[in-house]
2 protein chains.
Amino acid sequence: MLIKIDFEAETPIYAQVKNQIIEGIASGDLVEGESLPSVRQFAEDIGINMHTVNKAYLLLKKDGFVAVHKRKGVVVNKISSMHDPGFKKEISKNIRTVIAEAFCKGITEEEFIDNCKKVYLLYHKGHKNDA
Amino acid sequence: MLIKIDFEAETPIYAQVKNQIIEGIASGDLVEGESLPSVRQFAEDIGINMHTVNKAYLLLKKDGFVAVHKRKGVVVNKISSMHDPGFKKEISKNIRTVIAEAFCKGITEEEFIDNCKKVYLLYHKGHKNDA
DNA sequence: TATTTGTTCTATTAAATATAGAACAGATTA
DNA sequence: TAATCTGTTCTATATTTAATAGAACAAATA
């Protein structure tokens with residue numbers, strides 16, 4: 001699992017780490033039961049502070065993406081256990097904002113939907129053999 | 001144009017103002033040539049500081065959503081003048097992150113696409129008579 | 001027992017956010 | 001012309017967030 005941090009980006013480092021791990025899970029790069037690097041090792045690899053990695057791990061844990069074992073470290077959960085019915089409403093507001101900007105910027109419905117479908121296809125490919 | 005600020009939200013106030021104005025433009029609530037309230041009036045209406053409104057206006061201006069006239073104030077631009085080919089790439093990264101989380105949370109492709117289409121339909125309705 | 005894990009604690013620095021008040025130049029209106 | 005309203009700019013301050021740093025802890029395990 002390769003993490004790339006953009007230190008110039010407006011997105012905080014801990015959020016970049018969190019997002020890329022979620023994308024790793026969705027794309028199948030990270031599979032159920034797989035251990036993430038320890039906070040110290042990961043921090044050293046990326047060149048950031050241990051506490052910044054820990055903050056990302058904490059949020060991933062809070063949202064059900066990973067579980068923590070005292071010695072094995074942070075382990076990727078089963079995708080089915082991440083499912084959250086309440087999330088749909090939460091994401092709807094976000095989508096409305098994103099599409100409002102896209103609409104004004106001239107991105108057509110076809111272009112936008114096509115982009116979404118391609119991303120979903122990518123993630124589905126990574127989970128062909130899931131239970 | 002009604003603005004609703006959530007002071008408990010993690011999204012900064014200036015970003016909430018900016019986003020709701022963009023959604024207002026997309027939905028047709030705000031039309032080309034329409035003036036937004038002055039920074040002072042708007043701040044008083046919402047119950048926030050003048051400089052916070054000004055920050056939102058500045059960003060909207062930078063991204064081409066509005067133009068500034070010294071006396072008329074902040075005026076909504078023509079949508080066609082907001083179009084930006086480079087924005088498509090910019091939004092793609094965002095979409096990948098959003099869908100990664102949606103995928104893990106159990107939102108199906110159909111549900112997601114359906115939601116996007118409904119939003120686009122809403123925005124199209126507000127622009128039936130555009131040039 | 002020694003090591004590795006996440007976790008917790010205090011501390012500090014830097015940046016972002018939000019507020020406050022004053023003043024300015026340009027455009028418009030009375 | 002004089003007054004008014006516009007965004008803008010300036011200094012200032014307070015709060016929160018982000019990121020770093022180092023130390024220490026309990027739990028699990030080799």
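Quick note on labels: first sequence line is chain A, next is B, and so on, each numbered from 1. A quick note: this is a predicted structure, and the numbers were derived from the prediction, not measured.
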Give the rounded distance in Å between these two atoms: [atom1] of [X] and [atom2] of [N].
X: B:E10; N: D:dA18; atom1: CD; atom2: C1'; answer: 14 Å
X: A:I46; N: D:dA18; atom1: CD1; atom2: P; answer: 17 Å
X: A:K55; N: D:dT20; atom1: NZ; atom2: P; answer: 11 Å
X: B:F42; N: D:dT6; atom1: CZ; atom2: C1'; answer: 16 Å
X: B:I13; N: C:dA16; atom1: CD1; atom2: C1'; answer: 13 Å
X: B:K18; N: C:dT17; atom1: NZ; atom2: P; answer: 11 Å
X: B:Y14; N: C:dA16; atom1: OH; atom2: P; answer: 9 Å
X: A:Q41; N: C:dT3; atom1: CD; atom2: C1'; answer: 15 Å

For [X] and [N], is the shortest distance between a side-chain N/O and OP1 or OP2 below 4.0 Å?
X: A:T52; N: D:dA18; answer: no
X: A:N54; N: C:dT7; answer: yes
X: A:S38; N: C:dT4; answer: no
X: A:N49; N: D:dA19; answer: no
X: A:K61; N: C:dT7; answer: yes

### Query
What about B:F112 and B:I95, same hydrophobic cluster or not, with Ile/Leu/Val/Met/Phe/Trp/Tyr joined at side-chain heavy-atom distances under 4.5 Å?
yes
### Summary
The nucleotide from C:dT17, D:dT8, D:dA19 with an atom nearest the side chain of B:V39 is D:dT8
### Query
If you measure only the distance, is there a donor-acceptor pair under 3.5 Å linking the side chains of B:D45 and B:Q41?
yes
### With B:H124 via side-chain hydrogen bond (donor to acceptor under 3.5 Å, both in side chains) - residues at least two apart
none
So, [X] side chain and [Y] main chain: donor-acceptor pair closer than 3.5 Å or not?
X: B:E23; Y: A:R96; result: no
X: B:D63; Y: B:F65; result: no
X: B:N19; Y: B:A15; result: yes

### Query
Would you say A:N129 has more than 12 foreign heavy atoms packed within less than 6.0 Å of its CG?
no
### Query
With the sugar-phosphate defined as primed atoms, P, OP1 and OP2, and the base as all remaining atoms, what B/S/- string results for nucleotides 22-30 of chain D, 5' to 3', for protein heavy atoms under 4.0 Å?
BBB--SBS-
